[in-house]
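Just so you know, these numbers come straight off a predicted model, no measurement behind them. Note that the numbering runs from 1 along the sequence shown for the chain.
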Amino acid sequence: MTDASALPGQPRGGVLSGPATARAVNVLAPNASAMTLDGTNTWIVSEPGSDLAVVVDPGPLDDGHLRQVVATAEQAGKRVALTLLTHGHPDHAEGAARFAELTATRVRALDPALRLGGEGLAAGDVITTGGLELRVVPTPGHTSDSLCFHLPADRAVLTGDTVLGRGTTVVAHPDGRLGDYLDSLRRLRSLTVDDGVHTVLPGHGPVLDDAQGAVEYYLAHRATRLAQVETAVEDGYRTPPAVVAHVYADVDRSLWPAAELSVRAQMDYLEDHGLI
């Protein structure tokens, strides 16, 4: 058995649902798959002693899951007062409108099409519901509308799909762009260096207790893949499917369609920088 402390980011073992920090509790959605890992992590975040809570990423349109999120908050003596989205992919956001009905809350997101109640999210915004402090960190790249939420009191960051608890994420071309994603990873690295963030609360997979190690691993992984793609193109693999079959030969073929999105983003990046 592999020691979790030796893995990138030091993932926690055990059950994924339940308390993760003093302010964050996870309710795991029942939508496990090769792409969503164990399922979507729906985060209930609240200040200790407050009767108000914020929910980040209600998840898929699964009424049982959405009601379980509400019940989990109520069992802790809290009322859901606000819903936030890290980005608009259905496994994170499809249930948001129904969740807003169940909780009578607004939904705040970067993408205006996902908002309910008018108010959006932007860089520098600070959520202060019930005394909680959540800082909005723009992290485009996985998608153009991806956000993270810095939880300074717990020295943690909720990362959506920008950093996962296991494996690496997809740069979802054409909406996602590699240059943006690399900038976002560097932004997260600065949180670990300058703001003392040490815990990653991801959108999928286990909590990571070494945020800096996780981000450094992601940056190194992206550099390696980019070099592999560049070499593959130079060696005559000119189309994204051909590059995927060559570079990702050791990856489960069921993941090749997702890998092709990242390859397309990498080829665009290399072309934009005059490298291919």
Side-chain angles (χ1 to χ4, degrees), residues 8-9 34-37 85-93 110-111 123 136-148 157-193 200 202-205 208 211-276:
M35 288 298 295
T36 61
L37 305 182
L85 298 177
T86 61
H87 66 297
H89 279 169
D91 56 313
H92 293 257
L110 180 61
D111 185 348
V136 177
V137 182
T139 50
H142 169 67
T143 61
S144 62
D145 69 329
S146 287
L147 299 170
C148 292
V157 60
L158 294 93
T159 55
D161 281 356
T162 299
V163 174
L164 304 179
R166 186 171 67 249
T168 56
T169 198
V170 172
V171 179
H173 180 276
D175 182 49
R177 297 188 58 83
L178 181 59
D180 291 341
Y181 186 62
L182 295 175
D183 288 343
S184 293
L185 290 177
R186 296 182 188 110
R187 192 170 297 119
L188 290 177
R189 181 172 58 187
S190 74
L191 285 181
T192 71
V193 173
V200 172
H204 302 279
L208 300 177
Q212 185 173 354
V215 174
E216 294 288 2
Y217 170 78
Y218 266 59
L219 284 165
H221 172 80
R222 278 289 152 218
T224 298
R225 283 298 195 208
L226 191 61
Q228 291 171 336
V229 170
E230 183 178 3
T231 299
V233 173
E234 291 172 350
D235 289 345
Y237 299 92
R238 300 292 183 182
T239 67
V243 172
V244 169
H246 180 68
V247 173
Y248 291 78
D250 59 340
V251 174
D252 187 328
R253 290 178 70 97
S254 69
L255 298 176
W256 281 14
E260 185 174 326
L261 297 179
S262 285
V263 165
R264 289 180 181 274
Q266 290 171 93
M267 292 177 75
D268 279 359
Y269 179 89
L270 291 168
E271 186 173 352
D272 289 345
H273 287 76
L275 299 173
I276 60 173

Closer than 3.5 angstrom, by distance alone: can the side chain of [X] be matched with the main-chain N or O of [Y] as a donor-acceptor pair?
| X | Y | result |
| --- | --- | --- |
| Ser262 | Ala259 | no |
| Arg238 | Val233 | yes |
| Arg264 | Pro240 | no |
| Thr231 | Gln228 | no |
| Trp256 | Val251 | yes |
| His273 | Tyr269 | yes |

I want to check something: taking the side chain as every heavy atom from C-beta on, are [X] and [Y] in contact at a cut-off of under 4.5 Å?
| X | Y | result |
| --- | --- | --- |
| Thr162 | Thr169 | no |
| Tyr237 | Val229 | no |
| Pro202 | Val163 | no |
| Val170 | Tyr181 | no |
| Thr159 | Thr86 | no |
| Glu260 | Val243 | no |

With [X] via side chain to side chain donor-acceptor pair (under 3.5 Å) - residues at least two apart:
| X | value |
| --- | --- |
| Thr143 | Asp145, Ser146 |
| Arg253 | none |
| Thr224 | none |

*With sequence neighbours excluded, residues passing ring pair (Phe, Tyr, Trp, His ring centres under 6.0 Å) with His204*: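 Ring pair (Phe, Tyr, Trp, His ring centres under 6.0 Å) check on His204 returns His92.
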*Mind checking what makes ring pair (Phe, Tyr, Trp, His ring centres under 6.0 Å) contact with His89, not counting sequence neighbours?*
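Partners of His89 under the ring pair (Phe, Tyr, Trp, His ring centres under 6.0 Å) test: His87, His142.
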*asked:* Filter on salt bridge (Lys or Arg N to Asp or Glu O under 4.0 Å), then keep only pairs touching residues 176-186, sequence neighbours left out; what's left?
replied: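 Listed once each, the pairs are Arg177-Asp272, Asp183-Arg186.
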*Give, for atom CZ of Arg222 and atom CG of Leu226, the distance between the pair rounded to the nearest 0.5 Å.*
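The CG atom of Leu226 is 9.0 Å from CZ of Arg222, to the nearest 0.5 Å.
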